[in-house]
Amino acid sequence: EGACCFDESLLAPVLRAAHYLGVAPLERAAVVALTERLSPSNALTAWTWGEELELPELAEAAKETALRGFEELGESLLGAPLAQVETLVADDQLETSSEESVFSAVALVAEKQRPAEAALLAVLRHLRFPLMRREFLEQTVRPWPLLQTVAGQRLLLDAMMPAMCG
């Protein structure tokens with residue numbers, strides 16, 4: 001009949017079913033409905049679905065929501081794939097009150113996920129350390145245990161060199 005009604009809580013399973021069954025009109029309607037309901041609390045999950053189901057419009061809308069609400073991502077950021085975290089912190093459209101909050105969020109993710117050093121440094125390279133307050137750099141960033149490696153200290157030095165040299 002070209003219509004279906006279901007509880008909103010079933011939107012994600014309906015999207016997956018529509019995609020699996022190839023019901024394009026239902027899939028498009030589910031993407032539109034999910035996009036309209038995007039918030040920082042569900043953006044990272046929707047972004048993952050968009051990538052898994054090869055729905056670029058959903059993935060992009062979810063990414064934009066995450067960029068606008070970065071500081072509101074909260075617990076969902078802790079379980080996000082490191083590639084998503086890197087994409088967010090590397091994006092010039094990231095909206096945040098300070099670079100300190102970005103570092104703090106990345107530090108929480110790293111402490112929870114314990115990525116390989118190279119993967120962590122790849123994310124940290126995108127942080128704008130020269131924009132951080134000196135006190136924060138001295139008291140929080142520099143002594144952070146995961147940066148207490150030769151590569152970690154080198155990253156900080158490289159990041160700060162332009163600011164130190166004028």
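Worth saying up front: this structure is predicted, and the values here are computed from it rather than measured.
The stretch residues 36-58 participates, sequence neighbours left out, in these salt bridge (Lys or Arg N to Asp or Glu O under 4.0 Å) pairs: Glu8-Arg37, Arg16-Glu52. Screening residues 2-41 for ring pair (Phe, Tyr, Trp, His ring centres under 6.0 Å), with sequence neighbours left out, gives no hits. Sorted by first and then second residue, the ring pair (Phe, Tyr, Trp, His ring centres under 6.0 Å) pairs with a member in residues 37-91 form an empty list; sequence neighbours excluded.
With Gln93 contributing its side chain and Leu67 its backbone, the two residues share no donor-acceptor pair below 3.5 Å. In this structure, the side chain of Glu27 does not engage the main chain of Leu55 through any donor-acceptor pair within 3.5 Å. At distances below 3.5 Å, not a single donor-acceptor pair connects side-chain atoms of Glu86 with backbone N or O atoms of Val123.
Smallest separation of non-hydrogen atoms from Leu44 and Ala66: CD2-CB, 4.0 Å. The shortest heavy-atom contact between Leu73 and Pro40 is CD2-O, 3.2 Å. Contact between Ala61 and Thr35 at its shortest, heavy atoms only, is CB-CG2, 3.7 Å.
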Throw together a table of side-chain donor-acceptor distances under 3.5 angstrom for residues 111-120, partners on residues two or more places apart or in other chains.
| residue | atom | partner | partner atom | Å |
| --- | --- | --- | --- | --- |
| Glu111 | OE2 | Trp144 | NE1 | 2.6 |
| Gln113 | NE2 | Leu78 | O | 2.9 |
| Gln113 | NE2 | Ala80 | O | 2.7 |
| Glu117 | OE2 | Thr149 | OG1 | 2.5 |

Just list the side-chain donor-acceptor pairs under 3.5 Å for residues 129-136, sequence neighbours left out, or say none.
| residue | atom | partner | partner atom | Å |
| --- | --- | --- | --- | --- |
| Arg133 | NE | Glu100 | OE2 | 3.2 |
| Arg134 | NE | Glu138 | OE2 | 2.7 |
| Arg134 | NH2 | Glu138 | OE2 | 3.4 |

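Using a 4.0 Å cut-off between charged side-chain N and carboxylate O, Glu95 and Arg68 make no salt bridge. A salt bridge does not link Arg125 to Asp158: none of the charged side-chain nitrogens sits closer than 4.0 Å to a carboxylate oxygen.
Residues Thr48 and Gln84 bring a donor and an acceptor atom of their side chains to less than 3.5 Å of each other.
Checked against side chain to side chain contact (heavy atoms under 4.5 Å, CB included), Pro25 has the following partners two or more places apart in sequence or in another chain: Val23, Arg28.
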